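Read the numbers this way: they start at 1 and go in the same order the structure lists the ligands and their atoms. Counting begins at 1 with the first residue of the sequence. Because the structure is predicted, anything quoted here is derived from the model rather than measured.
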Amino acid sequence: MPAAAVGLSHSPLIGKNDPEPEVLARVDEAVETAKTFIRAFDPDLVVLYAPDHYNGFFYKEMPPFCLATEAHAVGDFGTAAGPLSVDTAAAKALAQGVLDRGIDLTVSARMTVDHGFAQPLEVLFGGIDRVPVVPVFVNGVATPLGPVSRIRALGTAIGEAAAALDRRVLFLASGGLSHDPPVPVLDGAPPRVADALIEGRPPTPEQRAKGEQRVVQAGRDYAAGSTAMIPINPAWDNRLLDHLERGELAEFDSWTVDGMAEEAGGSAHEVRAWIAAFASLAATGPYDMTSRFYEAIPAWIAGFAVATAEGR
Ligand SMILES: O=C(O)CCC(=O)/C=C/C=C(\O)C(=O)O
Ligand SMILES: [Fe+2]
């Protein structure tokens, strides 16, 4: 089966707290390379692995991962709201294929997603409804989190199931590498915040605007160097990209949840989306990484990467 993978960091601060023009130009070039790669590969199905930031998944029930047969975006941080163009038949086939392989997959018939899903679809395809997609939520922020080996197993199972579809499948990962943005944490949260994290009460437009402004301010503080947040860790990020490039995916099984957070920040667990996507590609056969971009971008609170890979 023709298969490919693209990894793309997301950030709610893109367009809201941008770095210097030279940095933006380098990012734009990397994104153009990825778009050219995708156009040439010409996928007819995109399996999109992305996290959520308490817009779709809440502590009342928090699965480690979940595949959607339908999905709609909330429209946070300036991304589009509305339905994603989910390929429901492919999603159902993949779900069955994953369950058949012994992975306890959660399935959503109406998933709510946020900028984690919408941003890569907009950046790479020009909208959230332009390409047949199977959205796969991978928890990357809400502790407790399980071992990375289970994410690799999920990615492998989805890759194997996708191989049976006889489609041109692009496995797309959305997530920052090392980063520690201000995402709410349940432990120690004041009762009103804890209640929202558990129950998932949709924020009023005013509350959403206030939350988004908090993130923008955090980006400004971070770029100015006045913050208690964990620094971006380029060495850690490049180690991750090295393993992905060399196909050394089993290396990630020894990465611990606490170690990842200490070295690379609370949201570094978003790299689970990357590990899943590359495990899916690896399940279809050997691959080559065809492009790799990385830059630490404090203004976006992101170890920011773009990478493309294709089956041999
Ligand atoms: O209301 C809030 O605090 C929203 C916070 C939020 O959604 C932050 C998101 C950050 C990322 O997606 C990221 O840096 O990966
Ligand atoms: Fe995120």
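Side-chain contact check for Ile38 versus Phe125: some heavy-atom pair is nearer than 4.5 Å. You'll find the side chain of Trp236 reaches within 4.5 Å of the side chain of Val271, heavy atoms only. Counting only heavy atoms from C-beta outward, the side chains of Thr284 and Phe171 approach each other to under 4.5 Å.
At a cut-off of 3.5 Å, with distance as the only test, no side-chain donor of Asn233 or Arg239 sits close to an acceptor on the other residue.
A distance of 6.0 Å or more separates the ring centres of Phe65 and Tyr49.
Scanning all heavy atoms of the two residues, the minimum distance from Trp274 to Leu244 falls at CE3-CD1, 3.7 Å.
Protein residues with a heavy atom under 4.0 Å from ligand 1 are His10, Pro12, His53, Phe77, His115, His179, Pro181, Pro182, Val183, Pro184, Gly211, Arg214, Val215, Glu270.
A 6.0 Å sphere centred on CZ of Arg130 holds more than 12 heavy atoms belonging to other residues, nucleotides or ligands. Dense packing is recorded around NZ of Lys16, with more than 12 heavy atoms of other residues, nucleotides or ligands lying under 6.0 Å away.
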**Q.** Audit row: Ser174, His10, side chain to side chain donor-acceptor pair (under 3.5 Å) steps and yes/no
**A.** CA-CA 6 Å; Ser174 168; His10 64 249; 2.8 Å; yes
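Counting only protein N, O or S atoms closer than 2.8 Å to the Fe ion (ligand 2) gives 3.
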